[in-house]
Amino acid sequence: MASLVSSLILTGCGQERLLQLEPVPAYWTAHAFASGEYIEDEVNVEQKKQLLRTCMEEKTVPLPKSYRTLETFGMFFSLHDLEFQPTPTEVVYLAQGQQLYVSCRSSKTHELRVHRVKAADHPWVRLTKGQDRAPMKAPALIPLTKEQQDRHVSTNRDTTAENEFARDLKPFYGLQLPVSGQLLFVMTESGKEHVIRNIPMSSLHQQAEFYLVSRRHADGSTSRSLTFSRYDWEIMDRQIMTAYKSDLIRMKQYPLPKTLPVNQTIPFVTLQIKGEQQMVEEKTLSIRYQPVYRPVKEYQIEDEPTQGMTAYFHPTMTSFEKAKRSEMVTLPNKLSRAIAKELKAVTPEEPQGANTPFSYMTLLEDGNTQTFKVYVKKRANKTDLYLQEQRTKKSAKLSGDVARQVIEQLEEQ
């Protein structure tokens, strides 16, 4: 976890930075991951604090050229009613010889960050003996079992709407995945490429399957969809093509290499709809592995709305910690960002005035928080608003326009 000294960084003549959001251990849970599932019991508080501190460290090192995996954990932001994170932060202990490492991956960036640590600071991890192995450089095809295919046939049957049925789960591939980067599914249509699925790699789930499924619908149409599954953890389906009436979808498959080449787009199937006289539609699906994750927008898919920076004004800390929205005032994102921007460079001032019914303000973004005590001083023509950082006790006054907007929001409640 970043030192509190960093919150006092000088930003200019007489100015300091008060903005320093950090993960508060009380708002997070951490669970060990073993045999494909999370252990119900939470890890102890000291271990959780150390995991959070380590993953917040700025200094990183490259992934070791060879290593062995020791233990794996997932960290979850627990105030779900205030901010929902779809996947946990993955934390994995690695060892190369007697040197211990911690790899962290957040659900926000999907970036694999590796930290060299001292074993004495992580006494709950045993440096067990074993052979260090080089990590995979790219996804590799793995044989499919009949059990795997039967499971997906059953899944599609269970999730298919009434009077529809799924069949022909092909082509069907199994993959062993590396721990870093991303897998892209690309659709080429009329000479243009579109990313239709962007799948970040995971340290927890390194085996996956993908296939095309044919579905006959109640209106007589037939569709083909691309399905990607990381076993029981996630299943994503994307419809590719639909044929109506007497038109048929024809398919041409291309073999995939046993190991996918890096940064190359490899086609694996072409779908065509042919009418009575001519070609109606043609699409080619390809797969591409990129070893370094980069944000990619999926074709014709709206981005999931992100909450972004949010400021909560609350009468007690319990109101925030219990996510009692009825007791809090939630500021719009734009105004919350304006407050955060001002706190990046402030001239420290002693707080003046009295506490308000909303005694605290907490900024929240991506599971990181920072809490301030709120003071209001009313004058003849304006009202001043002071914020006192609770860890450092440093204070600052918000500018007139931002303070006015905040006061208006508070008075509306």
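Closest heavy-atom contact between V402 and A338: CG2-CB, 4.3 Å. Minimum interatomic distance between M75 and L51 (heavy atoms only, all atoms of both residues): SD-CB, 3.7 Å. The shortest non-hydrogen separation linking L70 to R126 is CD1-O, 3.7 Å. Between V262 and K137, the shortest heavy-atom contact is CG2-O, 4.0 Å. When every heavy atom of A138 is checked against every heavy atom of L260, the shortest pair comes out as CB-O, 3.2 Å. Here the shortest heavy-atom pairing between S319 and P315 reads OG-CG, 3.5 Å.
Checked by atom type, the side-chain pair T270/T284 shows a donor-acceptor distance below 3.5 Å. Counting only N and O atoms by type, the side chains of T371 and T362 include a donor and acceptor under 3.5 Å apart. In this structure, a donor-acceptor pair under 3.5 Å is absent between the side chains of R230 and S202. A donor atom on one side chain and an acceptor atom on the other are not found under 3.5 Å apart for S66 and R133. With hydrogens and angles left out, the side-chain atoms of S221 and D219 include a donor and acceptor closer than 3.5 Å. Inspection of the N198 and Q182 side chains reveals an N or O donor paired with an N or O acceptor under 3.5 Å. For the residue pair T72/E90, the side-chain donor-acceptor check at 3.5 Å is not satisfied.
Rounding to the nearest 0.5 angstrom, the gap separating the CG atom in D384 from the CZ atom in R404 is 14.0 Å. The CD1 atom of I199 sits 8.5 Å away from atom CG of L177, with the distance rounded to the nearest 0.5 Å. Atom CG of N368 and atom CD of Q20 lie 9.5 Å apart (nearest 0.5 Å). Atom-to-atom distance recorded for C55:SG and H115:NE2 is 5.5 Å, nearest 0.5 angstrom. S399 contributes atom OG, which lies 8.5 Å from atom CD of Q405 (distance to the nearest 0.5 angstrom). To the nearest 0.5 Å, the span separating CG on L144 from OH on Y173 amounts to 10.0 Å.
A salt bridge links R215 with D237: at least one charged nitrogen is closer than 4.0 Å to a carboxylate oxygen. Using a 4.0 Å cut-off between charged side-chain N and carboxylate O, E389 and K393 make no salt bridge. Using a 4.0 Å cut-off between charged side-chain N and carboxylate O, K283 and E281 make a salt bridge. The pair K118-D121 fails the salt-bridge criterion, with no side-chain N (NZ, NE, NH1 or NH2) lying under 4.0 Å from an Asp/Glu carboxylate O. One finds no salt bridge joining E57 and K59 here, because no Lys/Arg side-chain nitrogen approaches an Asp/Glu carboxylate oxygen to under 4.0 Å.
Checking E71, H122, R68 one by one against Y93, the side-chain hydrogen bond (donor to acceptor under 3.5 Å, both in side chains) holds for a single residue, H122.
Surrounding CZ of R250 are at most 12 heavy atoms belonging to other residues, nucleotides or ligands under 6.0 Å away. Other residues, nucleotides and ligands place no more than 12 heavy atoms under 6.0 Å from the OH atom of Y244. No more than 12 heavy-atom neighbours from other residues, nucleotides or ligands sit within 6.0 angstrom of CD on E40.
Between Y27 and F77, the ring-plane angle classifies as perpendicular under the 30° and 60° cut-offs. Taking the six-membered ring where tryptophan is involved, the planes of H314 and Y360 are essentially parallel, since the angle between them stays under 30° and well short of 60°.
Checked against the 6.0 Å centroid criterion, the rings of F210 and F228 do not qualify as a close aromatic pair. Between F268 and Y254, the ring center distance fails the sub-6.0 Å criterion. Not less than 6.0 angstrom separates the ring centroid of H194 from the ring centroid of F185.
In this structure a side-chain-to-backbone donor-acceptor pair under 3.5 Å is present from R238 to I196. Remark: side-chain polar atoms of Q390 are paired, donor with acceptor, to backbone N or O of Q388 under 3.5 angstrom. Looking at R224, its side chain never comes within 3.5 Å of a backbone N or O of M251 through a donor-acceptor pair. A donor-acceptor contact shorter than 3.5 Å links the side chain of W28 to the backbone of G367.
Applying the salt bridge (Lys or Arg N to Asp or Glu O under 4.0 Å) rule to E189 yields no partners; only residues at least two apart in sequence or on another chain are considered.
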>> Does E111 form a salt bridge (Lys or Arg N to Asp or Glu O under 4.0 Å) with R105? I'd like the steps, not just the answer.
In response: CA-CA 6 Å; E111 177 188 4; R105 188 198 323 263; over 6 Å; no

>> With ring pair (Phe, Tyr, Trp, His ring centres under 6.0 Å) as the criterion, how do F73 and Y38 come out once you've worked through the C-alpha distance, each side chain's angles and the decisive distance to 0.1 Å?
In response: CA-CA 8 Å; F73 299 86; Y38 288 102; 9.7 Å; no

> How far apart are the C-alpha atoms of S106 and D366, what are their side-chain angles, what is the distance that settles it, and do they pass the side chain to side chain donor-acceptor pair (under 3.5 Å) test?
Replying inline: CA-CA 9 Å; S106 76; D366 300 323; over 6 Å; no

